[in-house]
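Note that the structure is predicted; figures quoted are calculated from it, not measured.
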Amino acid sequence: MATLFIADLHLQTEEPAITAGFLRFLRGEAKSADALYILGDLFEAWIGDDDPDPLHREIASAIKALVDSGVPCYFIHGNRDFLLGKRYARESGMTLLPEEQVLDLYGRRLLIMHGDTLCTDDTGYQAFRAKVHTPWIQTLFLALPLFIRKRIAARMRAGSKAANSSKSMTIMDVNPQAVVSVMEKHGVQWLIHGHTHRPDVHSLLANGEPVHRVVLGAWHSEGSMVKVTPEGVEFKTHVFPQ
């Protein structure tokens, strides 16, 4: 019995080795899991479910095969693929979850999320996030022709890269009080998230009790996974299948 958690694969045609590794993972360790949770940024960018990119079809088919084999797959949106919608979820067999989801697994209470909402010190990003998550803006963007959406997305990625280059690593990391607040709000023992690309396990106090925060790593540098079993919570690094 095991439930697996991964995040930040940032799949794109320019990184075929990561795609190949993910496909091997789906055919390998994931096949014996009770469930697989993908905590955002499965793709490097997402401009709409109608994008005919062959990579999207390949990944949807592979995830659907996993689901059809009896392993449910759940997805929380990341900051790169927050527009992934119900159409692609149906195609891939994934179940879409809210940005904060509490799970009771094998006697443990866990909170899972992408993690970008915890980076509250990065006020510029949080303002941008609030804007692009506005429903009418998303509707307007998705109504644009595909080629225009691609141009806008490329411009936004370039702008984000330029802005991040001038920010300190501390600002782009999670705010400690934001972490404590969200764990206390949900009354959880464990928090699992991605986004920051800083894989590690942190111990802290919430409601006066010892709790743990696990940060998943990006697959383009150090792929990592959390494996929750009745025996415990295992943080595994370097799980990128070769």
Would you sort out whether Lys236 and Glu29 count as a salt bridge (charged side-chain N to carboxylate O under 4.0 Å, His left out), showing the intermediate values?
CA-CA 13 Å; Lys236 301 178 68 175; Glu29 185 161 8; 3.5 Å; yes
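Here the rule is side-chain contact (heavy atoms from CB on, under 4.5 Å) with Tyr37, and of Leu103, Thr95, Ile76 only Leu103 fits it.
Counting only distance, with no hydrogens or angles, the side chain of Gln138 and the backbone of Leu83 share no donor-acceptor pair below 3.5 Å. Remark: side-chain polar atoms of Asp8 are paired, donor with acceptor, to backbone N or O of His195 under 3.5 angstrom. Remark: the backbone N or O of Ala60 is not paired with any side-chain donor or acceptor of Ser92 at under 3.5 angstrom. Put simply, the side chain of Gln126 gets close to the backbone of Asp116: a donor and an acceptor are under 3.5 Å apart. In this structure, Asp41 contributes its side chain and Phe43 its backbone to no donor-acceptor pair below 3.5 Å.
Residue pairs meeting the side-chain hydrogen bond (donor to acceptor under 3.5 Å, both in side chains) criterion with at least one partner in residues 142-157, sequence neighbours excluded, are Asp50-Arg149. Contacts classified as salt bridge (Lys or Arg N to Asp or Glu O under 4.0 Å) and involving residues 182-209 (residues at least two apart or in different chains) are given here: Glu100-Lys185, Asp173-Arg198. Screening residues 57-78 for side-chain hydrogen bond (donor to acceptor under 3.5 Å, both in side chains) gives Arg57-Glu91, Lys64-Asp68 as the qualifying pairs, with residues at least two apart or on separate chains.
With sequence neighbours excluded, the residues that form a side chain to side chain contact (heavy atoms under 4.5 Å, CB included) with Val233 are Arg108, Trp190, Val226, Val228. With sequence neighbours left out, Glu234 forms a salt bridge (Lys or Arg N to Asp or Glu O under 4.0 Å) with no residue at all. Residues meeting the side chain to side chain donor-acceptor pair (under 3.5 Å) test with Thr13, sequence neighbours left out: none. With sequence neighbours excluded, the residues satisfying side chain to side chain contact (heavy atoms under 4.5 Å, CB included) with Thr120 are Asn175, Ala178. Annotation: ring pair (Phe, Tyr, Trp, His ring centres under 6.0 Å) contacts of His197 (sequence neighbours excluded): His10, His220. In this view, Pro145 and Phe147, Ile148 satisfy the side chain to side chain contact (heavy atoms under 4.5 Å, CB included) rule, not counting sequence neighbours. By the side chain to side chain donor-acceptor pair (under 3.5 Å) test, His56 is found to be paired with no residue, residues two or more places apart in sequence or in another chain being considered. Val188 meets the side chain to side chain contact (heavy atoms under 4.5 Å, CB included) test with Val102, Arg109, Leu111, Met183, His186; sequence neighbours excluded.
Asn79 and His114 share a side-chain donor-acceptor pair at under 3.5 Å. Residues Gln177 and Ser181 have side chains that bring a donor and an acceptor to within less than 3.5 angstrom of each other. Side-chain contact, Asp81 with Tyr88: no donor N or O sits under 3.5 Å from an acceptor N or O.
Going from atom NE2 of His193 over to atom CD of Glu99 covers 14.0 Å, rounded to the nearest 0.5 Å. With rounding to the nearest 0.5 angstrom, the NZ atom of Lys31 is 7.5 Å from the CG atom of Leu66. Within the model, atoms CH2 of Trp219 and CZ of Phe22 stand 6.5 Å from one another, a figure rounded to the nearest 0.5 Å. Between Asp49 atom CG and Leu142 atom CG the span is 8.0 Å, to the nearest 0.5 Å. Atom CD1 of Ile18 is separated from atom CG of Leu11 by 7.0 Å, given to the nearest 0.5 angstrom.
Residues Gly115 and Val174 approach most closely at O-CG1, 4.4 Å, considering heavy atoms.
Cluster note: Ile137 groups with Trp136, Leu140 through ILVMFWY side-chain heavy atoms spaced under 4.5 Å, whether in direct contact or through intervening members.
Annotation: side chain of Asp34 is in contact with side chain of Tyr106 (closest heavy-atom distance under 4.5 Å).
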